[in-house]
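Atoms within each ligand, like the ligands themselves, are counted from 1 in listed order. Not measured: the values here are computed from a predicted model.
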Amino acid sequence: MDVARTVEELGDARRVLPGPVGFVPTMGALHRGHVSLVEAARADCASVIASIFVNPTQFGPTEDLARYPRPELQDLAMLEAAGVSLAFLPAVDVMYPEGNATRVRVGGIAERLEGASRPGHFDGVATIVTKLFNLVQPDRAYFGRKDAQQLAVIRQMVRDLDQPVDIVGCPTVRDEDGLALSSRNVYLSAAERAQALSLSRGLRRAAAVYADGVRDATSLRQFVEDEVRAQPLANIDYVSIADATTLEELAGPITGPALLSLAVRFGTTRLIDNVTLGE
Ligand code: PAF
């Protein structure tokens with residue numbers, strides 16, 4: 001596996017890679033979820049490029065940028081073992097050189113849910129993903145469905161800006177007990193982790209109730225809220241049932257695909273999870 005840290009090194013290594021080229025952008029602290037994205041890319045591309053970049057512009061001023069885990073050697077070993085052809089690990093001043101002043105801003109769906117709770121977050125995501133697409137020039141890019149809104153925002157951006165990349169959404173990977181894999185899970189104490197299982201449990205039970213025929217959005221939302229609120233260490237940021245395409249909040253009977261999603265804090269750790277109903 002080649003490793004590039006500058007734009008020039010990336011360009012030189014990219015030029016000789018056979019296509020189609022798949023791209024897996026990450027912030028490192030890799031886990032099986034990231035490996036599954038690489039595997040999906042390998043399944044339909046001749047070469048896979050992965051990036052590791054903890055993107056400062058998508059973190060709010062009180063968020064965990066400084067303490068975000070950066071186990072570089074371990075991450076590189078995982079990418080190599082997963083069959084990545086080229087890893088791109090730029091420093092902050094490579095992606096944001098002195099004097100940079102341009103941001104990509106997606107409206108509409110980027111303003112709800114995570115966008116409302118984390119102002120500026122999706123501007124940072126859209127900007128860095130655009131820059132990475134410009135540098136890597138992938139044919140396809142792979143994103144996890146655990147970040148369902150991020151996936152929707154990137155699809156919207158690619159459509160609106162005519163970016164020549166196919167966006168592939170991949171299933172959420174979970175631990176055996178149901179907890180969605182996340183680089184932030186390492187922050188959880190044992191007690192917090194045990195109570196964090198209420199997220200996937202609540203979603204799973206709501207999905208079962210939906211499958212039994214319950215369609216009322218308010219009842220389904222309440223169902224998940226009750227499950228999580230029963231955990232003394234859990235602090236709900238939001239529980240939402242929204243139209244799966246527009247992410248507009250639903251009330252009354254659900255008539256089409258709906259994204260049931262939530263964000264919950266355990267101490268200073270913020271977790272998200274979701275399930276799509278009626279896909
Ligand atoms: O999902 C992530 O890890 C990040 O938001 C991404 C897409 C790599 C952009 O920094």
- [ ] Go through the side-chain N and O atoms of Q163 and T130 and say whether any donor and acceptor fall under 3.5 Å apart.
- [x] yes
Task: Top protein contact for atom 9 (C) of ligand 1, by heavy-atom distance - done: Q58 OE1, 3.3 Å
- [ ] Compute the ring centroids of F59 and Y68, then answer whether they are less than 6.0 Å apart.
- [x] yes
Task: Between E249 and S240: side-chain donor-acceptor atoms closer than 3.5 Å - done: yes
- [ ] Taking the side chain as every heavy atom from C-beta outward, state whether Q195 and L197 have any atom pair closer than 4.5 Å.
- [x] no
Open item on the list: Within the structure provided, determine whether T245 and I109 are in side-chain contact (heavy-atom separation under 4.5 Å).
Closed with: no
- [ ] Can you sort out which atoms of ligand 1 are near I128, meaning under 4.0 Å from one of its heavy atoms?
- [x] 9 (C), 10 (O)
Open item on the list: Between S117 and D237, is there a side-chain donor-acceptor contact under 3.5 Å, judged purely by atom types and distance?
Closed with: yes
Open item on the list: Within the 4.0 Å heavy-atom shell around T26, which atoms of ligand 1 are there?
Closed with: 8 (C)
Task: Q150-ligand 1 polar pair, N/O distance under 3.5 Å - done: yes
TODO: Please indicate whether any nitrogen or oxygen in N55 is less than 3.5 Å from any nitrogen or oxygen in ligand 1.
DONE: no
- [ ] Starting from atom 3 (O) of ligand 1, locate the nearest protein heavy atom and write down its residue, its atom name and how far away it is, to 0.1 Å.
- [x] M27 CG, 3.6 Å
Open item on the list: Please state which option from P25, A141, A29 has its nearest heavy atom closest to atom 8 (C) of ligand 1.
Closed with: P25
